[in-house]
Participant: 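One structure, pasted below without further comment.
Nothing fancy with the numbering, it's 1 onward along the sequence. Ligands are counted one by one from 1 in listed order, and the atoms in each one are counted from 1 as well.
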Amino acid sequence: MEKKFFDFIIHGGDYNPDQWIKTPEIWDEDMRLMKLAHINSATVSIFAWSLLEPEEGVYNFEWLDTIMDKLHANGISAILATPSGARPPWLAQKYPEVLRVEETGIRNEFGVRHNHCLTSPVYREKVRNINRMLAERYKNHPALKMWHISNEYCGECHCELCQEAFRNWLKDYYHNDIEELNEKWWNGFWSHRVNDWSQINSPKSRGENHVSAMKLCWNRFVSDSHISFYENEIAPLREITPDIPITTNFMKLYDGIDYQKFAKKMDLVSWDNYPAWDKGRNEDEALSTAFVHDAFRSMKDGQPFFMMESTPSLVNWHDVNKLPHSGMQELSSIQAVAHGADSVQYFQWRKSRGGHEKYHGAVVDHCGHENTRVFRDITRLGKVLEKLSGVVGGYSESKVAVICDWENIWATKHFCGFNNLKRDYTDECIKWYAPFYKKSISVDVIPMDADYSKYDLVVAPFLYMLKDGTDKRIEEYVANGGNFVATYLSGLVDSNDMCYLGGFPANNLKNVFGIWNEETDSLPEGMKNTATFGGKEYDVVHVCDIIHSTGAEILGEYKQDFYAGMPAVTKNTFGKGTAYYAAFRNDSDFTADFCNMLIDEIKINADTEIKADDGIVIRKRGSHIFVMNFTDSEKAVTLNSIYTNVITDEKAEGTVKIPACSYVVLK
Ligand code: GLA
Ligand code: ZN
């Protein structure tokens, strides 16, 4: 299966010619430099609203016409942005309702960006209008190849319009039945029964903030508001330019929006990738970045995504902005492609002269010419990406999935109990992803309501909350021959954060896993228990379930405290499949040892048969094999047959050395 929007890897980035309107000679220089750097795409006009519409109803598109023409004349595709990420001052002044109200109840003044109400009919109308103007004007322009909607949607608004929208959202969610809401929020607790929808407000620190079911609903509402804001934005674009694909740029594992839900509304997923390289932990940084790439790739069933932003050198918003060395920037870009990106794009093409981001890395520095280290690096990478056009559109297949579900990110944050200090759900997901990644086994990162049937193994760390039907899905998957791993604190609550009755994990999962979880212990920092497994002993830290086997084979036991001798790791045959339960948290080798046991037992193969030193990560994408070394020492791989080095066109066989922080691509 292939899904291609271009025949080559997009190499480009955010381009802000609107900042240089008074010096159009810079625009010509931009074109010369872009071609020199093998740039083939520019994301234009992201924050240009105050130039496009300097006064209400007064439009100025001429400069953008010129830019679009220049891009086309130079063979550069335009990814045209809609400008809703930052509004002009006149708009905020005339229609204050467009500005965001913070949790304090105070309306923001004009300033920064992303500062808009998600509900305001006026703002939605103004956005639709400017988007319509853009679409009408450029619908037939040959440079227009993709829409970039707004920029990094984020945040929430607590204004009266949003309060009312929240109440309406709740009416819809709870079938217009206030008693249903009282029941699902367990409102008898602390005398919180409401008898009118108007008694409900958004959660805030000076008001209601202890009803986790309500906070979950607020998360869902805010997320849905962003999606409906986006749908409002794209309506005129779909109508006027039905063939132009649409994306919006996501931010890592940002938890303000359910990206897994949002992705379904986009033609292609894109995200902005800013790892902190060269601070002494490149391997860890590579691991967590790989996880995020895989999460975005999995959002549309393996369809390639775009890396819409990355820095060509440094950022300006880390506490200390270390310059990555040249190889690192290239390796980071190659990693994105290896994990499914069909683009390497930068923030930003040219450094702005003033403003907040003038010291943020760019392809073109304030010096203005091409004789810089960064420009040379980007040019070299541009040539490399041209050699890799064969990967474009290619899907990859994974036999292993790790569940990392956005609603469970919310749920695991909200509840009060057990260990309230160590609750890092996404870190736990990455921890369980790591052993497969390190063995070069491709992993999908999926929501709990995805289709499990295509995987040989599904791992669900800390699956505290179950969306409706998840218990049944797990049961069916295992009954039909799947292998499923759950860990501590799994299957405790339903989608309203209400505990399942009759013992944990929920419902028939007790039979699927052959256990029941009677109590959960939490261990303060520094306090440990010990669990046995596979002839070794492991520290039990932070949290552990005290479980009983009701039929499961016991693979490991606790050694201390009143639960010494009780099961800590179990394995249960259910139907044609197997369900494992790892009841405790360990922060050292247990996860790797346990997963390696699974890899052997279930016979999960690495993506290739290439033998590699520890520290090397190999990813296969179509016929291309990416061999990456994020360590700070030279490593080697032993090839099982004769390959071609795709970048140098040389033959590769036998033992190939990979220097520190570098890579090869083989075919
Ligand atoms: C984000 C934004 C960009 C820019 C960069 C800086 O990703 O989308 O506009 O501010 O950060 O790193
Ligand atoms: Zn609002």
Participant: I want to know whether Tyr433 and Phe291 have ring centres closer than 6.0 Å.
Facilitator: yes

Participant: Please list, in number order, the atoms of ligand 1 under 4.0 Å from a heavy atom of Trp317.
Facilitator: 6 (C), 12 (O)

Participant: Under 4.0 Å, heavy atoms only, figure out whether ligand 1 is touched by the backbone of Asn316, its side chain, both or neither.
Facilitator: neither

Participant: Looking only at protein heavy atoms, identify the closest one to atom 11 (O) of ligand 1 and say how far it is in Å.
Facilitator: Glu309 OE1, 3.7 Å

Participant: Give me the nearest non-hydrogen protein atom to atom 6 (C) of ligand 1 as residue plus atom name, then the distance to 0.1 Å.
Facilitator: His360 NE2, 3.1 Å

Participant: What's within reach of the Zn ion (ligand 2), meaning protein N/O/S atoms under 2.8 Å?
Facilitator: Cys117 SG, Cys157 SG, Cys159 SG, Cys162 SG

Participant: State the atoms of ligand 1, each with its element, that fall below the 4.0 Å cut-off from a heavy-atom position in Asn151.
Facilitator: 2 (C), 8 (O), 9 (O)

Participant: At a 4.0 Å threshold, what atoms of ligand 1 neighbour a non-hydrogen atom of Glu152?
Facilitator: 1 (C), 2 (C), 7 (O), 8 (O)

Participant: Please report the closest heavy-atom contact between Phe110 and Arg87, naming both atoms and the distance.
Facilitator: CE1-O, 3.1 Å

Participant: Considering only heavy atoms, does Gln348 approach ligand 1 within less than 4.0 Å through its side chain, its backbone, both, or neither?
Facilitator: neither

Participant: Output the list of atoms in ligand 1 that are nearer than 4.0 Å to some heavy atom of Phe47, sorted by atom number.
Facilitator: 9 (O)

Participant: Have a look at ligand 1 and work out which part of Arg113, if any, has a heavy atom under 4.0 Å from it: side chain, backbone, both or neither.
Facilitator: side chain

Participant: Return the minimal non-hydrogen interatomic distance between Tyr174 and Cys217, and the atom names on each side.
Facilitator: OH-SG, 3.4 Å

Participant: Looking at every non-hydrogen atom in both residues, tell me the closest pair between Ile244 and Arg238 and how far apart they are.
Facilitator: O-NH1, 4.2 Å

Participant: Does any donor atom in the side chain of Arg350 or Asn16 lie under 3.5 Å from an acceptor atom in the other side chain?
Facilitator: no

Participant: Using salt bridge (Lys or Arg N to Asp or Glu O under 4.0 Å) as the criterion, list what pairs up with Glu309, not counting sequence neighbours.
Facilitator: none

Participant: Below 3.5 Å, N or O to N or O, backbone or side chain included: is there any such pair between Glu357 and ligand 1?
Facilitator: yes

Participant: Give a yes or no on whether the backbone of Ile149 and the side-chain of Glu233 come within a donor-acceptor separation of less than 3.5 Å.
Facilitator: no

Participant: Can you name the residues that form a ring pair (Phe, Tyr, Trp, His ring centres under 6.0 Å) with Tyr230, not counting sequence neighbours?
Facilitator: Phe262

Participant: Please output the side-chain donor-acceptor pairs of residues 334-345 that fall under 3.5 Å, not counting sequence neighbours, one pair per line with the distance.
Facilitator:
unit_1	atom_1	unit_2	atom_2	d
Gln335	NE2	Ala286	O	2.9
His339	ND1	Asp294	OD1	2.9
His339	ND1	Asp294	OD2	3.4
Asp342	OD1	Arg621	NH1	3.4
Asp342	OD1	Arg621	NH2	2.6
Asp342	OD2	Gly393	N	2.9
Ser343	OG	Met307	N	2.9
Ser343	OG	Met307	O	3.3
Ser343	OG	Gln345	OE1	2.5

Participant: Looking at Glu370 and Arg32, is any side-chain nitrogen of the basic one under 4.0 Å from a carboxylate oxygen of the acidic one?
Facilitator: yes

Participant: Please check if the number of heavy atoms outside Glu109 that lie under 6.0 Å from its CD is greater than 12.
Facilitator: no

